[in-house]
Structures are given as structure tokens and as C-alpha cells.
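Below is one structure; the comments refer to it alone.
Values in this document were obtained by computation on a predicted structure and should not be read as measured data.
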Amino acid sequence: MNIALHHFRLVDTISKEGTLTKAAEALHLTQSALSHQLKELERELDIEVFHRQGKKLQLSEIGYRFLRSSEKIISEIRTMEEDIRNYKNGKTGKLNISMQCYTAYHWLPGVIKDFKSQWPDININIVSDATQRPLEYLMRGDLDLGIVRTQMVNTKINYEPIFEDRLNVILPADHPLVAKEVIDICDFQDQDLILALYDPTYQDTPLIETLIQEQHVRPKTLNRIHYTDATIEMVNAGLGISVMADWIVRPYLKNRNVVAKPLHHSVAKRTWYAATCKDTPVIQNFLSCLKLYFNENQMCMEPERLEELLQLQMV
């Protein structure tokens, strides 16, 4: 049995309009073409779909059965067409995202909340397993968007700058380096240094480690700690100094015995990027939301604001 979609639309429209003339107008066909399609369907079914009563058509028993199927099929097709339009317009779909820093996940809910307020039907999946190697996950297709601070040279990956931050040295309040306005890499000589844990098998060697090696600086000790809270408590106890971005250390500058001092401007500023391999409306909408969020929240702390917070510590 060879029944096409236009046959279902034909029966549905004739049933609603009542005559071939009105149905032909609704379907933008000539009456002759409509009659031909109806005869084609009845030949295929080998039974009458409509009983003719002058110009009016009355559904036969099998015609009513055909109409019930037509209504279900046409409704499902309309739903599918709407779903496709919404997907193409970025109103529905899913988005797999990850960050290249575990601490960054604390501001992610704010971004997602802003995004979902505009596109509530997008399913956002946070791929935390990709945090250590977001670009590899992106290349494999397991990520749609990664927020990264390092770039892999690959023509398939597009990098969109989204915000900047600055690195600060975190010191106990009574540390001798607190007297300096700006900290240089050479100041890490003979210091107990506490840095974030990283995977040495990955292509991304952290900036501070690279600069220490290039300038032949030898810290007294170098400990690596995975968690920000633990690092801050180590510094607070006078067990070493650390390096963190301004937006990471900001919540810890009150009620602790720690001080933040800026690194030299030549190395302090870092740019974070949204890395993507695909260009879809959903990704573009999320990128716009990211930029707006970071612009409104001023992720990079200006020196004047940092100085205000330092003054608060002295009170």
C-alpha cells in the first residue's frame, strides 16, 4: 500500500472544509488536481473514502478511520516541524560544557541561571571529567564549549575571548614580601611555594612553573594542592605563599591572615577563552550570555579595588 503524506492532509482538509472547492483553495491546488489525488488514494485503498452527495462529500466508515490516523500523523508532523524550527533557532537542544579550572565552577551557576531564563528548554550538561583536558574532549566531540586559558594550535578550534583576570601572590600578613608593592618571579627564590595541582602529561604547563624554570628561580619547597580552600588555609597558617587569580582569592581576603599582592604586570594578566569546534545558535547564545555575565561581574579586579580590600584587612 503506497500512501503518501499528502493523502493524509487531503482527507483532513476535505473533512474540515466540506467541499472539494474549499479544500482545493485551502491546499492551494486546482480542483482538478485535488480530485485526481482523491481518486489516487481511493484506488490505492480499493475503497471509497468519501461518499459524494452533490458538491458535498461525506466520510465513509473507512474514511473516518483514515481521518483519525490523519489527525494523529499531521499533529505529530507539526510538532516535529516546530521542534526542528526551535532547534535551528537555538531554542531547544543540549550543550555540553566544561572549564579548565575547578574553582571556576563556583560562578557557573550564575551563568546558567541567566541563560536558562532566556532559553529554558536547553539542556546544559556540565562535563566535570573534562576539566583537566577540555580541548581533547572538545576535539573528540564530547564537549560543545570549553572555557580555557590555554590554546591548542588547531584550525578546527575557534577561540573567543570572554574575560581577563590577574594573578596575585597570596601571603601571610606578616610575611616580609608584604612590604613590596609588586611581586616579581625572582621573589619566589628560597620561598615555600604552594601551587595548584596539574597533570604534567598534558600539553599545558602552568605559567608560574614556566617562568620559574625560565628565570632559574629555585623555591625552597614546592607543594601542589588540589583545593583552593586548603591552599588558603596553608598560607593563613604561615606555611607558604601561593599564586591565584584575583577572582579566586577575592572571597578569602576578609577574616583571614592573608594578603594579596599583584604580580608584575608583564605576567599578571591572563585571557580566558570560550573554545568551540561547532557554530550553532545554542553555542552562540551561550557565548553571548557568557560575555554579558563577565562584563557585568567584572571578573578582573582593578588595582584600585584590590587596594580597597587590602585596606579592609588592616581595619
Side-chain angles (χ1 to χ4, degrees), residues 99-104 131-136 146-153 159 161 163-253 256-273 275 299-301 303 306-307 309-310:
M99 268 62 57
Q100 197 181 4
C101 174
Y102 284 106
T103 311
T131 302
Q132 294 293 332
R133 297 170 178 264
L135 296 177
E136 291 183 9
I147 300 174
V148 302
R149 58 179 185 273
T150 55
Q151 299 184 46
M152 176 191 296
V153 179
Y159 297 95
F163 74 93
E164 292 181 337
D165 63 10
R166 291 188 179 92
L167 293 174
N168 291 273
V169 180
I170 315 305
L171 309 152
D174 58 355
H175 196 281
L177 288 176
V178 170
K180 294 195 66 174
E181 291 297 322
V182 176
I183 307 297
D184 293 299
I185 296 298
C186 63
D187 292 320
F188 294 147
Q189 181 73 31
D190 297 326
Q191 297 292 331
D192 294 306
L193 192 57
I194 305 168
L195 297 177
L197 191 67
Y198 82 101
D199 183 355
T201 66
Y202 194 42
Q203 83 279 358
D204 174 30
T205 302
L207 174 64
I208 298 303
E209 279 86 338
T210 300
L211 294 173
I212 286 174
Q213 294 170 9
E214 290 177 352
Q215 298 184 30
H216 305 291
V217 173
R218 296 180 179 275
K220 182 179 179 182
T221 60
L222 176 55
N223 294 308
R224 301 187 187 280
I225 298 180
H226 186 68
Y227 298 105
T228 301
D229 285 0
T231 299
I232 291 291
E233 292 307 325
M234 291 281 285
V235 175
N236 189 65
L239 299 176
I241 65 175
S242 187
V243 178
M244 293 181 185
D246 43 14
W247 56 272
I248 295 177
V249 74
R250 194 180 307 176
Y252 299 99
L253 290 179
R256 280 184 176 84
N257 189 42
V258 297
V259 173
K261 287 287 183 176
L263 265 174
H264 192 271
H265 66 84
S266 61
V267 298
K269 186 175 287 190
R270 303 182 303 178
T271 301
W272 287 73
Y273 303 89
M299 296 298 288
C300 189
M301 192 187 303
L306 182 59
E307 184 62 30
L309 290 172
L310 292 174

Interatomic distance, CG@Leu193 vs CD1@Ile208, rounded to 0.5 Å, equals 8.0 Å

Nearest heavy-atom approach of Ala275 to Val148 is CB-CG2, 4.1 Å

Taken to the nearest 0.5 Å, the spacing of Leu177 CG from Asp184 CG works out to 10.0 Å

*asked:* Just so I know, are the side chains of Thr228 and Tyr252 near enough to count as touching, which here means a heavy-atom distance under 4.5 Å?
replied: yes

* Asked: Between Lys220 and Asp190, is there a side-chain N and carboxylate O pair less than 4.0 Å apart?
  -> no

On a heavy-atom basis, the closest approach of Ala260 and Val249 is CB-CG1, 4.5 Å

On a heavy-atom basis, the closest approach of Gly240 and Ile194 is CA-CD1, 4.0 Å

Smallest heavy-atom separation, Pro219 atom then Ile212 atom, equals CD-CG2, 4.2 Å

The reported gap from CZ in Arg224 to CD in Glu209 (rounded to nearest 0.5 angstrom) is 4.5 Å

Checklist entry - side chain to side chain contact (heavy atoms under 4.5 Å, CB included) between Phe188 and Leu211: does it pass, once the steps are laid out? => result CA-CA 11 Å; Phe188 294 147; Leu211 294 173; over 6 Å; no

All heavy atoms of Pro172 vs all of Gly238, minimum pair found to be CG-CA, 3.9 Å

Heavy atoms of Leu195 and Leu222 approach each other most closely as CD1-CD1, 3.6 Å

message = Any side-chain to backbone donor/acceptor pair from Gln189 onto Arg218? Under 3.5 Å, distance only.
response = yes

Subject >> Heavy-atom donor-acceptor pair, Lys261 side chain to Val169 backbone, under 3.5 Å >> reply: no

Treating Tyr159 as the side-chain partner and Met152 as the backbone partner, does any N or O pair qualify as donor plus acceptor under 3.5 Å?
yes

Distance col, row Asp165:CG vs Ile248:CD1, nearest 0.5 angstrom, shows 7.0 Å

One should read off an interatomic distance between Gln151 CD and Thr271 OG1, to the nearest 0.5 angstrom, of 9.0 Å

Rounded to the nearest 0.5 angstrom, the CD1-CD1 distance for Ile241 and Ile170 is 10.0 Å

Parallel, tilted or perpendicular: rings of Trp272 and Phe163 (30°, 60°): parallel

- Task: Please indicate whether Lys180 has more than 12 foreign heavy atoms, meaning atoms of other residues, nucleotides or ligands, lying under 6.0 Å from its NZ.
- Result: yes

- Query: Short question: side chain of Arg149, backbone of Gln100 - any donor-acceptor pair under 3.5 Å?
  - Reply: yes

Discussion item. I'd like to know whether Glu233 forms a side chain to side chain contact (heavy atoms under 4.5 Å, CB included) with Arg256, so could you lay out the CA-CA distance, the side-chain angles of the two residues, the decisive distance to 0.1 Å, and finally the verdict.
Written reply: CA-CA 9 Å; Glu233 292 307 325; Arg256 280 184 176 84; 2.9 Å; yes

**Request:** Might you work through the side chain to side chain contact (heavy atoms under 4.5 Å, CB included) test for Glu214 and Ile185, ending with a clear yes or no?
**Result:** CA-CA 10 Å; Glu214 290 177 352; Ile185 296 298; over 6 Å; no

